[in-house]
Amino acid sequence: MLSQFTQPLAIPLALAAVLAWAAGTPTLSVAVVAVILLNAGFAFVQEMQAEKAVEALAAFLPPTAHRPRRARQRAV
């Protein structure tokens with residue numbers, strides 16, 4: 001989950017939140033932090049779903065494949 005906060009979009013947004021806070025607009029800063037957290041949450045959920053999909057697809061693959069070579073079948 002922590003890797004979601006180092007995404008290319010999250011770093012400039014974090015900088016924007018710090019600058020907004022320093023500029024005296026804490027409401028904007030809190031809003032930007034909320035966007036960062038939502039983005040990280042959605043990315044985490046999407047990554048988990050993708051991992052489950054890959055595992056489900058891997059279950060359909062056979063452990064070995066047979067290929068012809070010089071008129072013989074070989075297991076790979």
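Both backbone and side-chain heavy atoms feed into the values below; hydrogens, waters and symmetry mates do not.
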Q. Of all heavy-atom pairs between Ile36 and Ala14, which one has the smallest distance, and what is that distance?
A. CD1-N, 3.4 Å
Q. In Å and rounded to the nearest 0.5 Å, what is the CD to CZ distance from Gln49 to Phe44?
A. 11.0 Å
Which pairs would a plain distance check flag for residues 18-28, meaning a side-chain donor or acceptor within less than 3.5 Å of a matching protein atom at least two apart in sequence or in another chain?
| from | atom 1 | to | atom 2 | distance (Å) |
| --- | --- | --- | --- | --- |
| Thr25 | OG1 | Ala20 | O | 2.9 |

Q. What heavy-atom pair brings Leu13 and Val35 nearest, and what distance separates the two atoms?
A. CD1-CG1, 4.0 Å
